[in-house]
2 protein chains.
Amino acid sequence: MSRPLTPLGLAVLSLLGKEPMHPYEMQQRIRDYSIDHVVKVAHGSLYHAVERLARQGLIEPVETTREGRRPERTVYAITEQGRDEADSRLREFLRYPLEEYPIFDMALSFLGWLPPEEAAQLLDRRAVRLEAKLAAHDTVIANLMKQGLERVQLIELEFCNARLRSELEFVRALSDDIKNGRMTWRPPGRTNGENNDT
Amino acid sequence: MSRPLTPLGLAVLSLLGKEPMHPYEMQQRIRDYSIDHVVKVAHGSLYHAVERLARQGLIEPVETTREGRRPERTVYAITEQGRDEADSRLREFLRYPLEEYPIFDMALSFLGWLPPEEAAQLLDRRAVRLEAKLAAHDTVIANLMKQGLERVQLIELEFCNARLRSELEFVRALSDDIKNGRMTWRPPGRTNGENNDT
DNA sequence: TCTATCATGTAACCAGTTACATGATTTT
DNA sequence: AAAATCATGTAACTGGTTACATGATAGA
């Protein structure tokens with residue numbers, strides 16, 4: 001019942017699927033396994049997510065320990081229902097592309113506001129950043145492979161790079177088209193006259 | 001000052017940049033110009049966004065009309081500060097790729113949960129959806145071009161298609177690698193035995 | 001005209017973020 | 001042992017979503 005499992009929820013279930021643990025340990029592993037590269041998790045949100053999952057019966061507290069004078073720690077375990085939900089949600093995510101709203105798409109849709117020369121310049125700068133990211137990812141992949149990780153463990157990095165490469169290609173081609181005058185436009189009214197930062 | 005302009009905020013400013021209007025008219029135009037394909041806007045959120053922009057001084061009420069016995073309508077106009085903010089934010093969005101968290105990336109990172117055969121099957125199904133989307137976009141682009149739109153007006157569709165194509169290619173290649181045994185793995189513990197829906 | 005549907009706005013809710021609080025650990 | 005930093009949890013806030021409410025319009 002209730003709302004569909006969020007990505008963070010799925011991540012938590014995935015951890016508890018291996019063994020029960022308390023929220024702080026989840027946080028550790030999320031960092032250690034770099035899960036935070038594919039799911040956004042900002043310190044506080046984890047506790048929220050856990051609470052919600054518990055309310056929905058997808059996980060349940062199994063033990064509460066206390067060391068020293070620190071607040072209690074509740075250890076949670078995944079429930080049978082939780083496993084089912086995680087499995088089926090994962091399959092959905094793989095099977096159906098869903099509508100997302102990448103920022104760059106929206107920014108592009110407003111490209112016509114800017115004078116073409118400036119647009120080309122901004123795109124060139126973006127290209128530089130994209131190249132850097134790509135290089136960084138490539139070395140990460142190389143290193144992890146040397147450590148003997150299986151390909152399936154790295155597949156999301158591979159995909160991310162594929163995406164980056166495709167974006168880079170597009171951005172370069174577009175900037176070229178603008179610079180060679182194969183594509184132009186007249187920006188409307190006041191898209192700014194007195195701005196010329198380097 | 002205060003928090004950075006959200007995509008929806010930028011969209012509202014872009015509309016008010018042309019002429020003052022009331023929230024409901026914004027909603028109309030957002031549909032008419034298909035802005036809702038690049039920014040997620042769910043009925044209620046628009047009013048919220050407008051309120052916030054007003055509080056931040058990026059827009060201001062200029063008139064309030066009333067027709068029949070309906071609630072008042074407030075017409076808003078963009079302020080000078082609003083223009084500056086919109087301009088600078090747009091430039092940022094173009095220039096710096098920012099961290100996003102596409103769902104498919106996360107789903108891929110859990111691919112190892114599933115038995116390889118099932119993974120390949122799901123990827124194949126995804127490919128079908130991607131092809132359909134691509135075809136739909138292609139006809140939209142063709143039609144809009146026939147209506148004489150400039151290329152700059154369609155550029156975000158072009159990009160979206162580039163992304164779709166790249167994802168499709170990746171998904172196909174990956175599924176092939178799995179089906180030909182060029183890539184395998186053993187799924188862990190209980191990734192489900194008694195589930196075999198078609 | 002009664003009913004069903006659409007137009008338009010408000011308000012309660014929800015997921016996620018940031019700021020804070022407290023206890024533990026390290027540094028000097 | 002005082003000061004600075006890190007570990008760990010809570011709570012207030014924020015942006016967005018969904019459910020609801022009221023008025024208008026069109027179809028039976």
Side-chain angles (χ1 to χ4, degrees), chain A residues 1-13 21-32 35-36 38-56 58-59 61 64-76 85 89 98-101 103 106, chain B residues 1-13 21-32 35-36 38-56 58-59 61 64-76 85 89 98-101 103 106:
Chain A
M1 60 214 69
S2 87
R3 315 280 280 272
L5 199 56
T6 68
L8 180 51
L10 180 52
V12 167
L13 291 182
M21 67 188 86
H22 50 81
Y24 186 68
E25 190 173 349
M26 296 176 203
Q27 194 171 290
Q28 309 274 62
R29 304 212 180 181
I30 283 172
R31 269 208 310 268
D32 292 352
I35 296 178
D36 52 352
V38 285
V39 188
K40 189 167 197 179
V41 35
H43 183 71
S45 28
L46 187 62
Y47 294 89
H48 258 309
V50 166
E51 197 183 311
R52 220 171 330 120
L53 291 174
R55 220 166 38 229
Q56 298 174 176
L58 303 181
I59 66 179
T64 117
T65 72
R66 152 191 310 271
E67 21 181 299
R69 197 170 354 187
R70 283 197 254 160
E72 279 189 351
R73 281 174 164 177
T74 306
V75 174
Y76 292 89
E85 179 69 18
R89 199 85 174 109
L98 57 78
E99 294 303 335
E100 297 181 82
Y101 298 84
I103 299 275
M106 104 99 47
Chain B
M1 58 215 70
S2 88
R3 314 281 280 271
L5 200 53
T6 67
L8 181 51
L10 180 52
V12 167
L13 291 183
M21 66 187 87
H22 50 81
Y24 186 68
E25 191 173 349
M26 297 175 203
Q27 193 170 289
Q28 308 274 63
R29 303 212 181 182
I30 283 172
R31 269 207 310 269
D32 292 353
I35 296 178
D36 52 352
V38 285
V39 188
K40 189 164 197 182
V41 36
H43 183 71
S45 29
L46 186 61
Y47 293 89
H48 258 311
V50 165
E51 198 182 309
R52 218 172 331 121
L53 291 173
R55 222 167 36 229
Q56 299 174 174
L58 304 180
I59 65 178
T64 119
T65 72
R66 155 192 307 271
E67 21 181 300
R69 199 169 352 186
R70 282 197 256 160
E72 280 189 350
R73 279 176 166 175
T74 305
V75 173
Y76 291 88
E85 179 69 18
R89 199 84 174 111
L98 54 79
E99 294 304 335
E100 297 182 80
Y101 298 84
I103 299 275
M106 103 102 44

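Quick caveat: nothing in here was measured; it's all calculated off a predicted structure. So you know, we letter chains A, B, ... as the sequences are listed, proteins then strands, and number each from 1.
The CZ atom of A:Arg73 lies 12.5 Å from the CE atom of A:Met21; values are rounded to the nearest 0.5 Å. One distance of note links CD of B:Glu25 with CG of B:Asp32; it measures 9.5 Å at 0.5 Å rounding.
Residue A:Arg52 places its side chain closer to C:dA15 than to any other of D:dG16, D:dT17, C:dA15. Nearest to the side chain of A:Arg3, among D:dG9, C:dT10, D:dT18, sits D:dT18. Distance from the side chain of B:His43 is smallest for C:dT10 among the nucleotides D:dG15, C:dC14, C:dT10. Each of D:dG9, D:dG15, C:dA15 was ranked by its minimum atom distance to the side chain of A:Thr6; first place goes to C:dA15.
The distance from atom CG of A:Leu5 to atom P of C:dA15 is 11 Å, rounded to the nearest whole Å. Straight-line distance from the CZ atom of B:Arg73 to the P atom of D:dG23: 15 Å, rounded to whole Å. Nucleotide D:dA7 holds its C1' atom 15 Å from the CD atom of A:Glu25, rounded to whole Å. B:Leu46 has its CG atom 16 Å from the C1' atom of D:dT18, to the nearest Å. When rounded to the nearest whole Å, the span between CZ of B:Arg31 and P of C:dC6 equals 12 Å. Straight-line distance from the OH atom of B:Tyr76 to the P atom of C:dG9: 10 Å, rounded to whole Å. Atom CD of B:Gln27 is separated from atom P of C:dT10 by 13 Å (rounded to the nearest Å). Separating the CZ atom of A:Arg29 from the C1' atom of D:dA7 is a distance of 18 Å, rounded to the nearest angstrom.
Residues meeting the salt bridge (charged side-chain N to carboxylate O under 4.0 Å, His left out) test with B:Arg89, sequence neighbours left out: B:Glu92. Scored by the side-chain contact (heavy atoms from CB on, under 4.5 Å) test, B:Glu51 finds B:Arg55 as partners (sequence neighbours excluded).
At D:dT17, one or more side-chain N or O atoms of B:Ser45 fall inside 4.0 Å of OP1 or OP2 (strictly under the cut-off).
At least one donor-acceptor pair closer than 3.5 Å links the side chain of B:Glu100 to the backbone N or O of A:Ile103.
Residue-to-nucleotide contacts include a donor-acceptor pair under 3.5 Å from the side chain of A:His48 to the base of C:dG16.
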